[in-house]
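Structure first, then comments.
Per chain, numbering begins at 1; letters A, B, ... match sequence-line order.
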There are 2 protein chains.
Amino acid sequence: MDISVLAKHIRLKVDLSDAEIEIVASYFVEKELPKKTILFREGTIVDAIAFVVEGCLRSYSIDENGFEHILQFAPEGWWITDMLSVIKGQKSVLNVESIVDSKVLLLKRSTQDELFDKIPKMERFFRILTENALCATRQRVIEGMSLTAKDRYINFCETYPETVVNHIPQKYVAAYIGVTPEFLSKMRSQLYRS
Amino acid sequence: MDISVLAKHIRLKVDLSDAEIEIVASYFVEKELPKKTILFREGTIVDAIAFVVEGCLRSYSIDENGFEHILQFAPEGWWITDMLSVIKGQKSVLNVESIVDSKVLLLKRSTQDELFDKIPKMERFFRILTENALCATRQRVIEGMSLTAKDRYINFCETYPETVVNHIPQKYVAAYIGVTPEFLSKMRSQLYRS
DNA sequence: CTGATTTCTTAACCTAGGTTATTTCCCATT
DNA sequence: AATGGGAAATAACCTAGGTTAAGAAATCAG
């Protein structure tokens with residue numbers, strides 16, 4: 001199992017020895033996901049969090065009219081799961097699916113506390129990780145209320161890596177910024193003209 | 001300083017002895033906030049998080065057209081700050097203000113790591129707290145994309161305690177659910193009639 | 001390579017929610 | 001009790017973004 005991407009990612013936030021990284025790695029299980037594979041399905045109880053080593057996943061909910069709304073994209077180096085299901089142990093309301101061929105490392109929640117007791121720095125790591133995710137999500141709430149769809153799209157393009165912006169179906173981008181694919185298309189043609 | 005509200009709140013998530021609670025409490029500073037007092041101001045660097053012992057605060061941003069958007073209400077037993085400013089050490093984009101006469105306990109970020117080293121369970125506490133906040137905020141993103149304004153209002157009334165829903169100016173509720181005060185007023189009169 | 005399916009674009013029309021303006025209602029202060 | 005000022009209600013009108021539909025383009029399966 002190649003843990004270099006994971007190790008590099010963790011060491012951005014906390015300082016771990018090679019021996020500690022080995023222990024951490026032993027808690028993860030690798031999984032290959034061909035394009036459009038559902039990793040966690042709505043209605044099940046999710047008991048793991050996924051670190052993306054390669055490829056890109058998305059988490060989304062389906063509303064009562066059948067429309068998909070994307071909560072998160074997770075390209076290489078990002079984490080993804082249905083946190084609510086993991087924390088509360090209740091049925092998931094999100095689907096987590098690979099957009100392209102991907103590889104993830106899975107960490108079971110049930111063993112996470114054990115890992116934290118063995119390597120307290122990992123609890124710190126996840127606290128920091130979660131704080132950052134919280135900030136980003138709150139930022140998104142504010143932007144959803146204060147920006148127009150066009151500004152949200154421009155922001156999206158500036159914020160996400162080029163791999164996400166340009167190699168992902170546009171309908172996913174629309175489902176992320178909160179507009180219909182038709183309206184995104186209209187906005188894009190307006191932006192080209194100017 | 002009365003720490004019973006704080007102690008009770010922490011013990012919902014982690015197990016601390018009375019001695020440990022005493023140590024934790026020694027890291028907090030009490031502050032009284034008369035109605036409409038700004039605790040953290042936009043443009044400054046925020047270096048503390050606030051626990052609400054009594055009253056109710058709100059955090060909000062002001063957009064380029066001068067409109068306020070409320071990110072969070074914090075009634076008794078909740079935490080509030082501008083996390084982004086605290087984490088990144090950069091200038092705050094949020095105001096945090098008391099809505100009614102309030103009392104908060106402040107924890108300086110600069111001493112937080114020291115507290116975590118002394119009482120590791122507090123790091124666990126904040127990790128769990130942050131995970132919960134993240135879930136709630138992500139839920140809000142989804143609702144913002146999939147529900148109508150009327151459903152968001154109904155949800156709001158069902159989710160927040162009666163003290164918040166009924167003792168807060170309606171314009172704040174509007175600024176939280178993402179509509180104008182005029183439109184909230186229209187929705188409410190429609191809901192009464194049915 | 002070809003037909004089938006999904007995605008994207010365009011355009012006409014529609015609606016949820018915003019804007020502006022006026023009136024009424026609270027209160028807090030004097 | 002009078003008065004001044006923000007908060008809420010109402011209503012006429014407006015617009016960002018949604019809906020529907022139909023064709024073009026890209027992607028996929030065989």
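For A/M187 and C/dC8, the CE to C1' distance is 14 Å, given to the nearest whole Å. Here C/dT10 presents its P atom at 10 Å from CZ of A/R188, a figure rounded to the nearest Å. In this structure, CD1 of B/I168 is placed 16 Å from C1' of D/dA8, rounded to the nearest angstrom. If you take CD1 of B/I99 and C1' of D/dA7, they are 15 Å apart, rounded to a whole angstrom. One interatomic measurement links the two molecules: NZ of A/K186 to P of D/dG17, which rounds to 10 Å at whole-angstrom precision. Taking atom OH on A/Y172 and atom C1' on D/dT27, their separation rounds to 13 Å, with Å as the unit. Rounded to an integer number of Å, the gap from A/M145 CE to D/dA16 C1' is 18 Å. Between A/K171 atom NZ and D/dA26 atom P there is a gap of 17 Å when expressed in whole angstrom units.
Within the 4.0 Å cut-off from OP1 or OP2 of D/dG18, at least one side-chain nitrogen or oxygen of A/T180 is found. In this model, the phosphate group of D/dC28 is approached by a side-chain N or O of A/K35 to a distance below 4.0 Å at OP1 or OP2.
With C/dC8, C/dG17, D/dT19 as the choices, the nucleotide that has an atom nearest any side-chain atom of B/T148 turns out to be C/dG17. Considering only the side chain of A/R152, D/dG17 comes nearest among C/dC8, D/dG17, D/dA7. In this structure, of C/dG17, D/dA7, D/dG17, it is D/dG17 that holds the atom nearest to the side chain of A/A149. In the set D/dA7, D/dT10, C/dT19, the nucleotide with an atom closest to the side chain of B/S189 is D/dT10. Checking D/dA7, D/dA9, D/dT19 against the side-chain heavy atoms of B/K36 singles out D/dA7 as nearest. Of the candidates D/dT20, D/dA11, C/dG18, D/dT20 carries the atom nearest the A/E182 side chain, counting heavy atoms from C-beta on. Taking the side chain of B/F183 as heavy atoms from C-beta on, and the options C/dG18, D/dT19, D/dG17, the nearest nucleotide is C/dG18.
In terms of the salt bridge (Lys or Arg N to Asp or Glu O under 4.0 Å) criterion, B/R41 has no residue partners (sequence neighbours excluded).
Taking the six-membered ring where tryptophan is involved, the planes of B/Y160 and B/Y176 are perpendicular, since the angle between them exceeds 60° and thus also 30°.
The residue B/K150 sits apart from the nucleic acid: no heavy atom pair falls under 4.0 Å.
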*In sequence, state the C-alpha distance, the side-chain angles, and the governing distance for A/D63 and B/S146, and then conclude on side chain to side chain donor-acceptor pair (under 3.5 Å).*
CA-CA 6 Å; A/D63 72 23; B/S146 52; 5.3 Å; no
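Note on B/V165 and B/I168: same hydrophobic cluster, where clusters join Ile, Leu, Val, Met, Phe, Trp and Tyr whose side-chain heavy atoms are under 4.5 Å apart, directly or indirectly.
Annotation: cation-pi geometry not satisfied between B/R188 and B/Y153 (NZ/CZ under 6.0 angstrom from ring centroid, within 45° of ring axis).
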